[in-house]
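Structure, as structure tokens:
On a predicted model such as this, the values are computed, not experimentally measured, just so you know.
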Amino acid sequence: GVLGALGVGLGVGFWKSWQVAGMILLTIPVTVAAQVIAMQAMLMGSQGNAEEMKMVSQVMSDACNNVRTVRSAGAEPSLVELVERLQSKLIYSGLKRAVLGGFSWGMSQAITFLVFGFGFWWAGEMIANG
């Protein structure tokens with residue numbers, strides 16, 4: 001599996017060039033940390049405000065099912081205000097989660113890019129210097 005591939009890769013790496021294999025070993029924790037950040041960013045985006053969403057859904061369902069009562073009582077403006085207030089909380093929290101999740105995911109990808117870029121640069125320097 002994965003551990004076998006890692007073992008074979010590191011074995012061949014140390015056999016051919018211990019400097020490159022050592023550099024790869026040193027960057028593994030950084031890459032793992034970046035992937036953990038990416039996973040947390042993805043999970044952050046999937047977490048919702050289930051209770052608030054349930055409340056908005058219940059209000060809308062009751063209003064639609066009792067549309068004649070709402071209309072005859074003249075309760076449309078207060079109902080619309082209630083739904084807008086409930087939805088504004090959902091929109092704000094969703095926007096906050098989206099911005100934080102996007103920033104976290106972008107940073108994790110930037111870290112991964114920088115680690116691989118450093119690896120290629122360093123390998124090129126080693127080749128150029130013999």
Worksheet item: Atom CZ of F14 and atom CD1 of I24: how far apart are they, to the nearest 0.5 Å?
Response: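 One gets 10.0 Å once the value is rounded to the nearest 0.5 Å.
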Discussion item. Distance check, rounded to the nearest 0.5 Å: Q87 atom CD versus L82 atom CG?
Written reply: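 Result: 10.0 Å between the selected atoms.
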Worksheet item: Do you reckon V12 sits in the same ILVMFWY cluster as I127, going by side-chain contacts under 4.5 Å, direct or chained?
Response: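 Different hydrophobic clusters.
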List the atom pairs, with distances to 0.1 Å, where a side-chain N or O of residues 106-126 and a protein N or O form a donor-acceptor pair under 3.5 Å, not counting sequence neighbours.
| unit_1 | atom_1 | unit_2 | atom_2 | d |
| --- | --- | --- | --- | --- |
| S108 | OG | W105 | O | 2.7 |
| T112 | OG1 | Q35 | NE2 | 3.2 |
| T112 | OG1 | S108 | O | 3.0 |

Discussion item. Do V83 and L86 make a side-chain contact, defined as non-hydrogen atoms from C-beta onward lying under 4.5 Å apart?
Written reply: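 No - every pair of side-chain heavy atoms lies 4.5 Å or more apart.
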Item to complete: Check for a donor-acceptor pair, side chain of T27 on one end and backbone N or O of M23 on the other, with a separation under 3.5 Å.
Response: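 Yes; at least one donor-acceptor contact below 3.5 Å.
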Worksheet item: Is there a donor-acceptor pair under 3.5 Å between the side chain of S88 and the backbone N or O of R85?
Response: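 Such a contact is found between S88 side chain and R85 backbone.
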